[in-house]
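Below: one structure, written as structure tokens.
What's counted below: heavy atoms across the whole structure, side chains too, no hydrogens, waters or symmetry copies. The chains referred to below are lettered A, B, ... by the order of the sequence lines, with proteins before strands, and numbering in each begins at 1.
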Amino acid sequence: MPELPEVETIARELQAVLPGRGVRRVRIFRKDALQGVPVARFQKGLEGRRFQAVRRRGKYLLFHLKPEAWLVAHLRMTGKFALTPRPDAPPLHHRVWFELDDGAVLAFQDLRCLGTLELAGAPEAVPGVAAMGVEPLEPGFTRDWLAQALSRSRAPLKHWLMHQGHIAGLGNIYVAEILFGAGLSPLRAAATVTREEAARLHQAVRRVLMRAIAKNGTTISDYRRVDDKTGDFQNFLRVYGRAGQPCHTCRTPIQRVVQQQRSTFYCPTCQR
DNA sequence: AGTGTATCCTGCAGGC
DNA sequence: TGCCTGCAGGATACAC
């Protein structure tokens, strides 16, 4: 579910409220997210520690605690974090509670149970984090780097952009919006992109992500912010989910095709 | 290196 | 109303 802008929104909101607060007790109502790590080890690794900071890497949430420990979370499709007064009983889909020393609860909820929570000595100790590619909103993401990297791959642009080892944090929705912004077809082989087109793509990646973050992400079904509010970027989508509706630019009906068993939306006229 | 498939899990919409 | 199928914003492992 959440892609970079959604995870960034959640990280910022948690960073505003968590640092300084301690974990008194960890309660696990369903242990799928722990991926086989024994419940007791997970609890011991967190209880008595204090949150220092919350950051994002790709679609991962990184919680830094002291004494030194990292809680590394991936929300996958339907995971979310909520900070709430302690409920009497865990509501449906609450999987893990981090009970804080001031009585509040940081609740990890996950309808589909695909999200993961890992305990690590450092973020890079989590293989998925170590494999992340360049952060698209940081200085290392340049036009030249993008043009070079694209030239080495025959994969369709959509597939290339979705790959977390290339650019960290892009998913189905934002790849669709980015390719529309760049005027490039998701079906194009990466290596056929010219330097000029790569420059447009580079700009679209940054512009779409920054706008989506400014709108606190896209809520289509499950995504919610820490305070349960929705994002707003769904009101600004140009192609995602708009199959059959006219392109905002040229009125051509937006096409839906399936790539890698995922829906791809694009304008066959504006995107070449 | 690339593609295609299956898998984890639950809920919902649409067709019949 | 109820059953069945396919689909959902993610990522990985596997075969070819």
| query | What's the closest nucleotide to the A:Ser263 side chain, out of C:dG10, B:dT10, C:dC7? | reply | C:dC7
| query | Does the distance from a Lys or Arg side-chain N to an Asp or Glu carboxylate O, for A:Glu47 and A:Arg25, drop under 4.0 Å? | reply | no
| query | Expressed as a whole number of Å, how far does the P atom of B:dC8 sit from that of C:dC3? | reply | 24 Å
| said: Strictly below 4.0 Å: does A:Gln164 bring a side-chain N or O up to OP1 or OP2 of C:dG10? | reply: no
| query | Any link between A:Phe108 and A:Val54 through a network of hydrophobic side chains (Ile, Leu, Val, Met, Phe, Trp, Tyr) touching at under 4.5 Å? | reply | yes
| field | CD/A:Glu196: more than 12 non-hydrogen atoms of other groups inside 6.0 Å | value | no
| request: Please check if the distance between the ring centroids of A:Phe141 and A:His202 is under 6.0 Å. | output: yes
| task | Can you label the angle between the A:Phe98 ring and the A:Phe42 ring as parallel, tilted or perpendicular, going by 30° and 60°? | result | tilted
| At under 4.0 Å between heavy atoms, what does A:Pro127 touch on the DNA or RNA strands: base, sugar-phosphate, or nothing? | nothing
| Would A:Asp222 and A:Thr78 count as having a side-chain donor-acceptor pair, cut-off 3.5 Å? | no
| task | Respond yes when some side-chain nitrogen or oxygen of A:His93 is under 4.0 Å from OP1 or OP2 of B:dG11, and no when none is. | result | yes
| message | Strictly below 4.0 Å: does A:His159 bring a side-chain N or O up to OP1 or OP2 of B:dT3? | response | yes
| Aromatic contact, A:Phe63 with A:Phe81 (centres under 6.0 Å) | yes
| remark: Between CD of A:Gln260 and P of B:dA1 the distance, given in whole Å, is 17 Å
| Neighbour count above 12 (heavy atom, 6.0 Å) for A:Arg86 CZ | yes
| request: Taking atom P in both C:dT5 and B:dT7, compute the distance separating them and give it to the nearest angstrom. | output: 16 Å
| message | Over 60° means perpendicular and under 30° means parallel, so tell me whether A:His166 and A:His163 are parallel, tilted or perpendicular. | response | tilted
| query | How would you label the contact of A:Tyr240 with the nucleic acid (heavy atoms, under 4.0 Å): base, sugar-phosphate, or nothing? | reply | sugar-phosphate
| said: Could you write out DNA chain C as dot-bracket? Rules: Watson-Crick or G-U wobble, both distances under 3.5 Å, brackets [ ] for crossings, | for pairs with another strand, dot for unpaired. | reply: .|||||||.|||||||
| field | Derivation of the salt bridge (Lys or Arg N to Asp or Glu O under 4.0 Å) call for A:Arg188 and A:Glu197 | value | CA-CA 12 Å; A:Arg188 275 271 291 276; A:Glu197 289 170 331; 2.5 Å; yes
| said: If I compare all heavy atoms of A:Arg76 with all of A:Leu114, which pair ends up nearest, and what's the gap? | reply: CG-O, 3.0 Å
| message | Taking atom CZ as the centre, does A:Arg27 end up with more than 12 heavy-atom neighbours from other residues, nucleotides or ligands that are less than 6.0 angstrom away? | response | yes
| request: Would you indicate what A:Arg95 reaches in the nucleic acid, counting non-hydrogen atoms under 4.0 angstrom: base, sugar-phosphate, or nothing? | output: nothing
| said: In this structure, how many angstroms lie between the P atom of B:dG2 and the NE2 atom of A:His163, rounded? | reply: 9 Å
| field | OP1 or OP2 of B:dG2 under 4.0 Å from side-chain N/O of A:Ser153 | value | yes
| task | Establish whether the base of C:dA8 is bridged to the side chain of A:Arg262 by a donor-acceptor pair shorter than 3.5 Å. | result | no
| request: Examine C:dA11: is either OP1 or OP2 under 4.0 Å from a nitrogen or oxygen in the side chain of A:His74? Give yes or no. | output: yes
| task | Within residues 181-191 of chain A, find the residues that approach DNA chain C with a heavy atom at under 4.0 Å, and present them sorted by residue number. | result | none
Would you tabulate the nitrogen or oxygen pairs shorter than 3.5 Å linking the protein to nucleotides 13-15 of chain C?
none

